Peer 1: 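One structure, pasted below without further comment.
Ligands are counted one by one from 1 in listed order, and the atoms in each one are counted from 1 as well. This is a predicted model, so every value here is computed, not measured.
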Amino acid sequence: MELNIYDFTPETLEGYLGNVPRFRTRQIYKWIFAGKTPDEMTNVPKDLREKLKNECYTKLPKIDIKLVSKLDGTVKYLFRMEDDAGIESVVMPYHHGRTICVSSQAGCRMGCAFCASTIDGLDRNLSSGEIIGQILAAERDTGERISNVVIMGSGEPLDNYDNVLDFIRNAVNPDGLGLSARHITLSTCGLVDKMRQLAGENLPINLAVSLHAPNDEIRKKLMPIAKSVPIEKLVSESRKYFDMTHRRVTFEYALIRGVNDSVENAKELSALLGGFSGFHVNLIPVNHVEERAFQKSEKATAEMFVKTLEKAGTQVTVRRKMGADIDAACGQLRRAAKRKDNCL
Ligand code: SAH
């Protein structure tokens, strides 16, 4: 079936329904993002319900594998899409609500050296409905509302810009998921032109920038994007994002043993960010990926790195590791499932 019902935006739904009153379109839009099937749209005339039923794909992503952490209740899903593409989402219970990490693409073509999602390249973009479907499916499964979204699963969201934007607009629409834009974070490896476009969308979402290095030399070894986007340019565009949206920018920095974790590296990082109060560094111990050789930093080295940043006046936090017992890092479950398939 051509149309995924969760792909509709208010505008495309209006166009699709044709000659129906405005309130009717709105009613149907609300039902869709309440996760209801056409049969459940009780106040909608039967002919419209039939039309939706016959012409649209109305299933949510199917749960293929579900793992629940005994340590902290983190839930990890491997979902199957209509065409069998496998994608991952992770739901993390925090004291301030539930956060979901959604995927924006099946696979990824950015080629970061430490990342599991990119190993087989990009399968395809996810549609906005397939992204929002991860939230609806997880909410239905857990019976709990999700209040925060991070677009940090598989894929580069700015490499699938239009679909990701439709997704965000449906997520923040009060008739859609009704989430606060301030509770949505998009993470990018640094597609600067799209970062600028995003800043101009009048959507106060949070931006996370995957930096992972204090200079181009190290960054080029880890992230192919560094060959086309100099680190200075990435930082100045991040600053621009802050200036245009007034949302603080987080720089993601995975600490990798012997690669980017020295005191020198920390000093260089602070100098690069220049003590700007709109910036914040989030340190992540690099997650081990079977196909990759990288190791996380020694505890003492990581502590020294934090101290050096703090001393230089750089705002820094260390990401709490969630779901350690279920390999909750991005791309790993999908990888494991693929490896198993290849062996069959
Ligand atoms: N493509 C986007 C979002 C997906 S990745 C981006 O690059 O930001 C989400 C975050 O996880 C990124 O900061 C990414 O660099 C990081 N990441 C990927 N693999 C990792 C690993 N093995 N260990 C730690 N962080 C990793």
Side-chain angles (χ1 to χ4, degrees), residues 76 87-90 92 99-123 125-126 131 134 149-161 163-164 167-168 184-192 194-195 198 205-213 218-226 228-229 231 234 237-238 241 249-257 259-261 269 280-297 302 305 317-324 327-336:
K76 177 155 187 168
I87 55 149
E88 283 176 49
S89 320
V90 183
M92 294 155 283
T99 297
I100 189 168
C101 174
V102 293
S103 293
S104 57
Q105 296 178 315
C108 183
R109 59 184 183 137
M110 294 297 124
C112 299
F114 44 79
C115 180
S117 301
T118 200
I119 292 173
D120 287 334
L122 177 67
D123 265 357
N125 282 330
L126 297 183
I131 306 174
Q134 298 167 54
V149 179
V150 296
I151 312 171
M152 289 193 186
S154 293
E156 167 49 53
L158 297 186
D159 187 38
N160 182 18
Y161 190 88
N163 293 348
V164 167
F167 157 67
I168 296 170
I184 298 179
T185 301
L186 182 148
S187 180
T188 179
C189 64
L191 306 187
V192 281
K194 298 287 180 190
M195 278 165 60
L198 183 67
I205 63 166
N206 305 302
L207 184 69
V209 174
S210 299
L211 198 61
H212 302 314
I218 299 176
R219 199 161 189 265
K220 277 182 196 165
K221 289 186 190 146
L222 299 173
M223 307 177 73
I225 185 79
S228 47
V229 178
I231 203 162
L234 181 55
E237 278 302 323
S238 303
Y241 187 87
V249 176
T250 300
F251 290 101
E252 308 282 335
Y253 195 107
L255 283 171
I256 310 175
R257 190 182 301 184
V259 174
N260 64 1
D261 62 352
L269 178 60
H280 167 257
V281 174
N282 190 219
L283 296 174
I284 320 157
V286 77
N287 281 298
H288 179 71
V289 173
E290 200 167 303
E291 289 82 351
R292 310 300 208 199
F294 298 113
Q295 308 250 358
K296 67 175 195 237
S297 304
F305 199 91
T317 48
V318 180
R319 186 176 311 165
R320 201 167 105 214
K321 195 161 168 58
M322 301 289 284
D327 249 2
C330 47
Q332 307 213 30
L333 190 59
R334 179 167 170 272
R335 262 322 288 163

Peer 1: Tell me, do Val209 and Met195 make a side-chain contact under 4.5 Å, heavy atoms counted?
Peer 2: yes

Peer 1: Do Val164 and Ile131 come close enough that some side-chain heavy atom pair is under 4.5 Å?
Peer 2: yes

Peer 1: Mind checking whether Glu252 contacts ligand 1 via backbone (N, CA, C, O), side chain (CB onward), both or neither, at a 4.0 Å heavy-atom cut-off?
Peer 2: side chain

Peer 1: Heavy-atom distance to atom 1 (N) of ligand 1: which of Gly190, Gly155, Ser187, Cys189 wins?
Peer 2: Gly155

Peer 1: Restricting to side chain to side chain contact (heavy atoms under 4.5 Å, CB included), what partner residues turn up for Arg292, sequence neighbours left out?
Peer 2: Thr118, Ile119, Val289, Phe294

Peer 1: If we ignore hydrogens and angles and just use 3.5 Å, is the side chain of Arg257 paired with the main-chain N or O of Lys296 as donor and acceptor?
Peer 2: yes

Peer 1: Restricting to side chain to side chain donor-acceptor pair (under 3.5 Å), what partner residues turn up for Ser103, sequence neighbours left out?
Peer 2: none

Peer 1: Consider ligand 1: state whether an atom of it lies below 4.0 angstrom from any non-hydrogen atom of His212.
Peer 2: yes

Peer 1: So which bit of Val289 gets within less than 4.0 Å of ligand 1, heavy atoms only: side chain, backbone, both or neither?
Peer 2: side chain

Peer 1: Quick check: does Phe114 get an N/O under 3.5 Å from an N/O on ligand 1?
Peer 2: yes

Peer 1: What atoms in ligand 1 come closer than 4.0 Å to a heavy atom of Cys115?
Peer 2: 18 (C), 19 (N)

Peer 1: Judged on heavy-atom distance to atom 21 (C) of ligand 1, which of Asn287, Thr118, Ile284, Ile225 sits nearest?
Peer 2: Asn287

Peer 1: Please work out, at 4.0 Å between heavy atoms, whether the side chain, the backbone, both, or neither of Val209 comes within that distance of ligand 1.
Peer 2: neither

Peer 1: Classify the ring geometry of Phe305 against Tyr253: parallel below 30°, tilted from 30° to 60°, perpendicular beyond 60°.
Peer 2: tilted

Peer 1: Could you pull out, from Gly153, Ser117, Ala116, the option with a heavy atom nearest to atom 4 (C) of ligand 1?
Peer 2: Gly153

Peer 1: Using the side-chain hydrogen bond (donor to acceptor under 3.5 Å, both in side chains) rule, take Gln105 and Ser154 through it: C-alpha gap first, then chi angles, then the decisive distance, then the call.
Peer 2: CA-CA 6 Å; Gln105 296 178 315; Ser154 293; over 6 Å; no

